[in-house]
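The next block holds one structure in the form of structure tokens; read it before the comments.
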Amino acid sequence: MATARLLDGTAVANAIREELRPRIAAFTARYGRQPGLGIVLAGDDPASAIYVGSKLKSAGEIGCRTDLIRLPASASLDEALAAVRQLNGSDAYDGILVQSPLPAGMGADAEQVVFDTIDPAKDVDGFTPINVGRLVQNRATLVSCTPLGVIELLSRSGIPFAGANAVVIGRSDIVGKPMALLLLHRHCTVTICHSRTKELPAIVRAADIVVAAIGRTAFVQPDWVKPGATVVDVGINRVTDAADVDRLFPPDSPRRAAFAKRGALVVGDVHPGVADVAGALTPVPGGVGPLTIAMLLHNTLVAAERRAAIG
Ligand code: NAP
């Protein structure tokens with residue numbers, strides 16, 4: 001008896017891609033070169049290799065130049081910094097992305113140090129202090145791709161922002177914090193929740209818009225959600241235990257059949273039963289995920305256009 005309107009991230013991501021395609025062609029014709037995306041991938045984390053592969057493929061398909069600098073798991077922090085500096089120094093690259101996580105051997109602060117080294121004009125992940133500061137001041141040019149994608153998905157789905165109570169669960173630099181700022185700039189009244197938040201269900205119950213970016217399977221329960229609220233599920237959790245699948249999905253759910261076939265399922269941070277209460281909901285998969293790559297392409301073009309305009 002699911003009642004929530006499902007917000008189709010795949011369709012919105014495809015629409016964004018089709019809008020970018022002629023702009024990328026026009027850039028290439030005007031400046032005699034393609035917008036360039038350089039990615040640094042260090043180590044052999046299989047999930048990172050898959051993410052990077054789909055980023056390179058999507059960017060290449062839409063007309064960007066793409067290059068990958070691969071470093072072994074044994075690479076030093078200096079080698080990672082040298083790769084970033086090489087991309088900083090080349091005019092062929094408008095966007096630089098360093099895939100997280102970096103190998104543990106580079107040290108606990110390695111990601112911060114490496115991200116801080118990226119030229120802010122090429123920082124298509126929006127992680128550098130300059131770009132975060134610009135976001136705080138509501139004059140951002142390059143914003144973290146996942147929260148930016150959430151805003152695109154909600155705006156293009158006609159979800160009203162001004163005056164809405166928005167609750168963001170999660171305060172990471174990559175998702176939660178930039179998400180909260182983007183909602184604030186659209187005139188939502190924003191509450192940021194985290195692992196020390198007291199009375200989380202009661203806070204969520206007051207929300208017109210809930211964004212769950214926690215990393216815990218099916219964490220947000222149906223009775224936490226105000227009927228008719230918009231619920232955005234950013235979570236990507238791999239479920240491999242049949243008992244969890246049986247607990248989460250009713251016997252006739254196609255998700256159970258998918259699990260029986262593949263032995264694993266991707267489930268979000270929002271319990272599937274929320275679909276019976278929410279007014280609108282992003283599915284997992286097929287909700288926020290596809291937007292992240294679409295916004296990376298968007299940011300790469302924005303960076304290229306700005307760099308070219310500055311000369
Ligand atoms: P993260 O850095 O681990 O942050 C998780 C946040 O959730 C933290 O702020 C943490 O609070 C909070 N949290 C953990 N347990 C909680 C609890 N019991 N109650 C309330 N808050 C709790 O994760 P992330 O990078 O933001 O990612 C979040 C999820 O989104 C993950 O599933 C990730 O895979 C997914 N993701 C998806 C995309 C996409 O493209 N769809 C992109 C990025 C991330 P503290 O700060 O107090 O520890």
Side-chain angles (χ1 to χ4, degrees), residues 1-19 54 58 145-161 164-170 175-176 179 182-183 186 188 204-205 207-239 244-262 264-296 298:
M1 64 138 184
T3 53
R5 171 162 70 111
L6 292 183
L7 305 182
D8 185 346
T10 306
V12 171
N14 287 341
I16 292 170
R17 257 186 258 268
E18 289 318 309
E19 290 161 19
S54 46
S58 301
C145 299
T146 301
L148 190 59
V150 170
I151 293 291
E152 280 296 321
L153 181 55
L154 295 182
S155 341
R156 289 175 189 237
S157 305
I159 304 295
F161 291 112
N165 286 333
V167 169
V168 179
I169 316 174
V175 187
M179 186 75 255
L182 288 169
L183 289 164
R186 277 155 189 80
C188 292
V204 175
R205 249 175 237 128
D208 303 303
I209 299 173
V210 182
V211 181
I214 311 156
R216 298 185 62 163
T217 306
F219 183 76
V220 175
Q221 298 299 307
D223 66 350
W224 299 10
V225 173
K226 177 162 84 176
T230 296
V231 179
V232 177
D233 190 350
V234 180
I236 301 177
N237 308 292
R238 199 175 134 84
V239 175
D244 288 339
V245 175
D246 290 351
R247 191 173 44 82
L248 290 172
F249 298 101
D252 58 344
S253 167
R255 306 280 340 253
R256 280 209 193 186
F259 177 79
K261 207 164 140 194
R262 288 186 230 114
L265 270 190
V266 173
V267 177
D269 289 345
V270 173
H271 191 287
V274 167
D276 300 333
V277 186
L281 175 66
T282 65
V284 176
V288 175
L291 267 305
T292 298
I293 291 192
M295 299 325 290
L296 171 67
H298 164 90

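In this structure, Asn237 contributes its side chain and Val267 its backbone to a donor-acceptor pair below 3.5 Å. Panel note: side chain Thr292, backbone Cys145; no donor-acceptor pair is recorded below 3.5 Å. A donor-acceptor pair under 3.5 Å links the side-chain atoms of Thr282 to the main chain of Asp233, judged by distance alone. In this structure, Arg256 contributes its side chain and Asp252 its backbone to no donor-acceptor pair below 3.5 Å. Put simply, the side chain of Arg5 never gets that close to the backbone of Thr230: no donor and acceptor are under 3.5 Å apart. Using modelled atom types, one side-chain atom of Asp269 and one backbone atom of Ile214 make a donor-acceptor pair closer than 3.5 Å.
Contact record, Val175 with Ala213: CG1-CB, 3.6 Å, taken as the closest heavy-atom pair. The minimum heavy-atom distance between Phe161 and Leu154, with the atom names listed, is CZ-CB, 3.6 Å. Closest heavy-atom contact between Gly9 and Leu153: CA-CD1, 4.0 Å. In terms of heavy-atom proximity, Ala229 sits nearest to Val225 at CB-CG1, 4.1 Å. Taking all atoms of both residues into account, the shortest heavy-atom contact from Asp208 to Lys226 is OD1-NZ, 2.7 Å. Between Thr3 and Asp276, the shortest heavy-atom distance links the atoms OG1-O, 3.3 Å.
Put simply, the side chain of Arg17 reaches to within 4.5 Å of the side chain of Ile293, judged on heavy atoms. Side-chain contact between Val245 and Val239 is present, with heavy atoms from C-beta onward closer than 4.5 Å. No side-chain heavy atom of Thr217 sits under 4.5 Å from any side-chain heavy atom of Asp244. At a threshold of 4.5 Å between non-hydrogen side-chain atoms, the residues Asn14 and Glu18 do not count as touching.
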Check against side-chain contact (heavy atoms from CB on, under 4.5 Å), Val211 and Val167: CA-CA 6 Å; Val211 181; Val167 169; over 6 Å; no
Steps toward side-chain contact (heavy atoms from CB on, under 4.5 Å) verdict (Val210, Ile169): CA-CA 8 Å; Val210 182; Ile169 316 174; 4.2 Å; yes
Salt bridge (Lys or Arg N to Asp or Glu O under 4.0 Å) between Arg186 and Glu152, worked out: CA-CA 12 Å; Arg186 277 155 189 80; Glu152 280 296 321; over 6 Å; no
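Summarising the geometry, atom CG belonging to Leu248 is positioned 9.0 Å from atom CG belonging to Leu265; distances are rounded to the nearest 0.5 Å. Within the model, atoms OG1 of Thr146 and CD1 of Ile151 stand 12.5 Å from one another, a figure rounded to the nearest 0.5 Å. Rounding to the nearest 0.5 Å gives a distance of 4.5 Å between CD1 of Ile16 and CZ of Arg156. Separating the CG atom in Leu291 from the OG1 atom in Thr10 is a distance of 8.5 Å, to the nearest 0.5 Å. Rounded to the nearest 0.5 Å, atoms CG (Asp246) and CZ (Phe259) are 8.0 Å apart.
Looking at Asn165, Ile159, Val168 one by one, the single match for side chain to side chain contact (heavy atoms under 4.5 Å, CB included) with Ile209 turns out to be Ile159.
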